[in-house]
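Here is the structure we will look at, set down as structure tokens.
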Amino acid sequence: VITKIKARQILDSRGIPTVEVDLFTHKGMFRASVPSGDPSGMYEALELRDGDKGTYLGNSVNRAIKNINERISEALVGMDPILQSQIDQAMIDLDKTEKKGELGANAILAVSIAACKAGAVEKEVPLYKHIADLAGKTNLTLPVPAFTVISGGKHAGNNLAIQDIMILPIGASSFGEALQMGSETYHHLKAVIAEKYGAHGCNVGEDGGLAPNISSIREGLDLVKEAINRTGYNEKIKMAIDVAATDFCKGTKYDLDFKSPNKSGQNFKSGEDMIEMYKELCADYPIVSIEDPFDKEDWEHTKSVLQICQQVVGDDLLMSNPKRIERAIHDSTCNALLLKINQIGTVTEAIEVVKLANDVPWGVVISHRSGETEDSFIADLSVGLASGQIKAGAPCRGERLAKYNQLLHIEEELGDHAIYAGEDYRQCL
Ligand code: PGA
Ligand code: ZN
């Protein structure tokens, strides 16, 4: 049983406070921490921050910590960590608010993850196996990694409007090989960029993607194409983009120059212009997935991208919110879910929304946040839920590699039973 829960404040990869918890059972201590990103709107679970401007610029999480150490701890000590849904429900009942704003979704999620880790050890099975059991799944699958190789948008200080240019090594035969392909492409890209823009072009963004000062999407895609050519892997590596278009939507237009100080106003695109641009990009590059091609409320235009690209991923569009997901399924607005566990707040609810997506069936991308920790839980989650895809940033920077390296460990542990999603990354249910 759970004997003690102790939380503390630590810093995430951006140097911003976040919640870490140590949960104790008779089997040992289980530690978990939660990530944080730029809030996408009113439908996501609420991250509790102290708001005292004199301390960490308002970002400290002492109230969330106190809630764990006092109220959550009191409710959960004595419970069996195997009973994930009961533990999560106990916290939801204690919180009583729709967005978990009373205790803080950051407080609740940290404990939920720590309990999940404890549950696995209690059952004496690997974490990914415990997650698969909780979800009622039998097939364990290593996901295709979507490596962010170029960063832009709000994640980097260059002029590139879109947030990520990613590569998906779907032609690899194992996760280990996919990681190698990702790393080699990344390093070739670094060389390509250094040749064209000088060494300062190789600075990285928040997710570890390279951030040369390019302003057009094509310029970025060309660099990545050249890097893939240099690796020789060619069609084994596909491309994807996260447009994160909500960040540069101005009324009904999209400002592709939103970060440049001396904008001419030439680069404002209408929804139709954007559609045209996506058509051309998908024709000229091996793009298999586009995330948030339009503003989070621009459902009609988003839907039309399904005619252009194999996969349309809803991130800000869905906010991992079951109601938004159900509506998007009903309206056929997109065909893949990006799951950010801290937008929903418990392991049980994360499993539930993945099931919603599986039933359609949609693709599922288990995702990191721009502010990450060394916790590798989402790696196990992606294998246990057989999500088929994981987005955890570049093959660079420790907090990103924590996830990819954990997938290496899992692949090694599964040995002959390891299955890499590969070409089936959209449906490996
Ligand atoms: P965020 O970005 O964590 O800053 O929201 C992640 C993503 O858009 O995939
Ligand atoms: Zn996104």
Side-chain angles (χ1 to χ4, degrees), residues 12-16 18 33-47 59 105-106 109 143-157 160-168 204-209 211 217 239-249 254 259 287 289-298 302 305 309 311-321 324-325 328 333-345 350 363-373 375 377-378 381-382 387 389-394 397 399-400 402-403:
D12 71 14
S13 59
R14 301 198 280 199
I16 295 172
T18 190
S33 54
V34 297
S36 172
D38 303 319
S40 24
M42 56 194 290
Y43 296 91
E44 57 186 3
L46 215 131
E47 197 174 68
N59 290 316
N106 41 355
L109 181 62
V144 168
F147 295 114
T148 298
V149 289
I150 291 188
S151 289
K154 283 193 171 171
H155 289 183
L160 181 65
I162 70 168
Q163 191 182 283
D164 314 292
I165 297 179
M166 293 170 278
I167 52 167
L168 277 64
V204 300
E206 287 177 350
D207 308 335
I217 307 172
M239 289 177 171
I241 54 177
D242 179 2
V243 181
T246 304
D247 292 338
F248 55 89
C249 177
Y254 291 87
K259 292 191 292 179
I287 296 174
S289 180
I290 303 184
E291 182 177 329
D292 288 339
F294 287 94
D295 179 72
K296 61 179 189 288
E297 303 307 337
D298 195 345
T302 301
V305 182
C309 190
Q311 178 170 269
V312 177
V313 184
D315 170 12
D316 294 338
L317 178 86
L318 304 172
M319 302 177 209
S320 309
N321 176 293
R324 308 247 319 168
I325 295 167
T333 311
C334 59
N335 62 5
L337 162 71
L338 188 100
L339 178 76
K340 291 167 165 169
I341 45 176
N342 75 320
Q343 286 185 328
I344 181 144
V364 175
V365 187
I366 303 291
S367 173
H368 70 161
R369 300 305 309 264
S370 41
E372 265 299 333
T373 73
D375 197 311
F377 180 75
I378 60 167
L381 187 70
S382 71
S387 69
Q389 301 173 70
I390 188 169
K391 177 184 184 188
R397 316 318 298 179
E399 75 282 4
R400 313 295 149 185
K403 284 71 169 170

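Count residues from 1 along the sequence. Every number for a ligand or one of its atoms is a count from 1 in the order of the listing.
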Please work out whether any backbone atom (N, CA, C, O) or any side-chain heavy atom from C-beta onward of Lys340 is under 4.0 Å from ligand 1, and answer side chain, backbone, both or neither. side chain
Test: Glu372 and Lys403 ion pair at under 4.0 Å: yes
Relative to atom 1 (P) of ligand 1, which among Ser370, Gly153, Gly393 owns the nearest non-hydrogen atom? Ser370
Atom nearest to the Zn ion (ligand 2) - Asp315, N, O or S atoms considered: OD2
Which N/O/S atom belongs to Asp242 and is the closest one to the Zn ion (ligand 2)? OD2
At a 4.0 Å threshold, what atoms of ligand 1 neighbour a non-hydrogen atom of Gln163? 2 (O), 6 (C), 7 (C), 8 (O), 9 (O)
Of all the N, O or S atoms in Glu291, which has the shortest distance to the Zn ion (ligand 2)? OE2
Does the side chain of Gln389 come within less than 4.5 Å of Gln311's, by heavy atoms? yes
Can you sort out which atoms of ligand 1 are near Arg369, meaning under 4.0 Å from one of its heavy atoms? 1 (P), 3 (O), 5 (O)
Which atom of Gln163 lies closest to which atom of Asp247, heavy atoms considered: OE1-OD2, 4.2 Å
Decide whether an N or O pair under 3.5 Å exists between His368 and ligand 1. no
For Thr246 and Lys296, indicate whether the former's side chain and the latter's backbone hold a donor-acceptor pair under 3.5 Å. yes
Given Ile378, Ile366, Leu339, the one that forms side-chain contact (heavy atoms from CB on, under 4.5 Å) with Ser387: Ile366
If you count the atoms of ligand 1 from 1 in the order shown, which ones are under 4.0 Å from a heavy atom of Asp242? 7 (C), 8 (O), 9 (O)
Of all the heavy-atom pairs spanning Ser151 and Leu160, show the shortest one and how long it is. O-CD2, 4.2 Å
Would you mind checking which non-hydrogen protein atom is closest to atom 2 (O) of ligand 1, with the distance to 0.1 Å? His155 CE1, 3.2 Å
Between Arg14 and Ser36, does any side-chain donor sit less than 3.5 Å from a side-chain acceptor? no
For Ala336 versus Leu318, what's the shortest heavy-atom pair and its separation? O-CD1, 4.0 Å
With nothing but distance in play, are any N or O atoms of Ser36 less than 3.5 Å from an N or O of ligand 1? no
Which atoms from ligand 1 have a heavy atom of Gly37 less than 4.0 Å away? 3 (O)
Does ligand 1 have any atom sitting under 4.0 Å from a heavy atom of Glu291? yes
Note: ligand 1 atoms sitting under 4.0 Å from heavy atoms of Asp315 are 7 (C), 8 (O), 9 (O)
Assess whether a salt bridge exists between Glu291 and Lys391, defined as any Lys/Arg side-chain N lying under 4.0 Å from an Asp/Glu carboxylate O. yes
For the residue pair Asp295 and Thr302, what are the closest heavy atoms and their distance? O-OG1, 4.4 Å
of all protein heavy atoms, closest to atom 9 (O) of ligand 1 is Lys391 NZ, 2.5 Å
